[in-house]
Amino acid sequence: MRRSPTITLTILAVLLAASLAWAGPMAPDDMRLAPPAGWPSTKPCVEFSHASHSDAKIDCTICHHTWDGKGPIQSCSAAGCHDQQGKTGPQALYAAFHAKDAQSSCLGCHKTANARDGANLPVGCKDCHARKGDGGRRGKK
């Protein structure tokens, strides 16, 4: 006769699992973008906020262009994506963030939004690659 709590808890667990699966993967609010270990870097790492991009209603698949919307999201530098050193070529990690004419790159998206909407998104090197102690400039000056 004590089946009711068990059935209720089972239904709640199934509903919770289904809602988490439907919501998609949880992105970290803030993260540091850096080249893979062993790759040279001439600029400081970039502090990135998923939260601010979610607030702006940016579709995850714009940046994560190989993601099918279902499975785990791979790193930009994962094998077969932007896994090449250097600045040129579609598989260069640098291009994933700096291609001026690509909506899937940070710089391309920011330049487009600034021109289209009059936004004040960062487009200069020091705007994103802030050195410690320089106040972490963000946005165009």
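Worth knowing before you read on, the calculation uses all heavy atoms, side chains too, and leaves out hydrogens, waters and symmetry mates.
- Summarising the geometry, atom OG belonging to S105 is positioned 8.0 Å from atom CD belonging to Q103; distances are rounded to the nearest 0.5 Å.
- By the 6.0 Å contact criterion, CD on Q74 is open, its count of non-hydrogen atoms from other residues, nucleotides or ligands being 12 or less.
- With sequence neighbours excluded, no residue forms a side-chain hydrogen bond (donor to acceptor under 3.5 Å, both in side chains) with T66.
- For the pair A92 and T88, the tightest heavy-atom approach, listed with the atom from each and the gap, is CB-O, 3.3 Å.
- Between H98 and Y94, the angle of the ring planes stays under 30°, which puts this pair in the parallel group of the 30/60° scheme.
- Classification of the H82-H65 ring pair by plane angle, with boundaries at 30° and 60°, yields perpendicular.
- Side-chain atoms of D117 do not come within 3.5 Å of backbone N or O of N114 as any donor-acceptor pair.
- Other residues, nucleotides and ligands contribute at most 12 non-hydrogen atoms within 6.0 Å of the CG atom of D101.
- The two residues V123 and L107 come nearest to each other via the heavy atoms O-CD1, 3.4 Å.
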Listing, residues 37-46 side-chain donor-acceptor contacts under 3.5 Å, not counting sequence neighbours, or none:
| residue | atom | partner | partner atom | Å |
| --- | --- | --- | --- | --- |
| S41 | OG | K43 | O | 2.9 |

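- Looking at heavy atoms from C-beta onward, D55 lies out of side-chain contact with S49 at the 4.5 angstrom threshold.
- The shortest distance between side-chain heavy atoms of D30 and E47 does not fall below 4.5 Å.
- The SG atom of C60 lies 11.0 Å from the NE2 atom of H53; values are rounded to the nearest 0.5 Å.
- Legend: residues meeting side chain to side chain contact (heavy atoms under 4.5 Å, CB included) with D59, ordered by chain and number and at least two apart, are T61, I62.
- A distance of 6.5 Å separates SG of C63 from CD1 of I58, quoted to the nearest 0.5 Å.
- Annotation for L93 and P36: closest pair CD2-CD, 3.6 Å, computed over non-hydrogen atoms.
- In this structure, NE2 in H110 is found 10.0 Å from CG in D127, a value given to the nearest 0.5 Å.
- Contact of the C76 side chain with the F97 side chain is registered, since non-hydrogen atoms from C-beta on lie closer than 4.5 Å.
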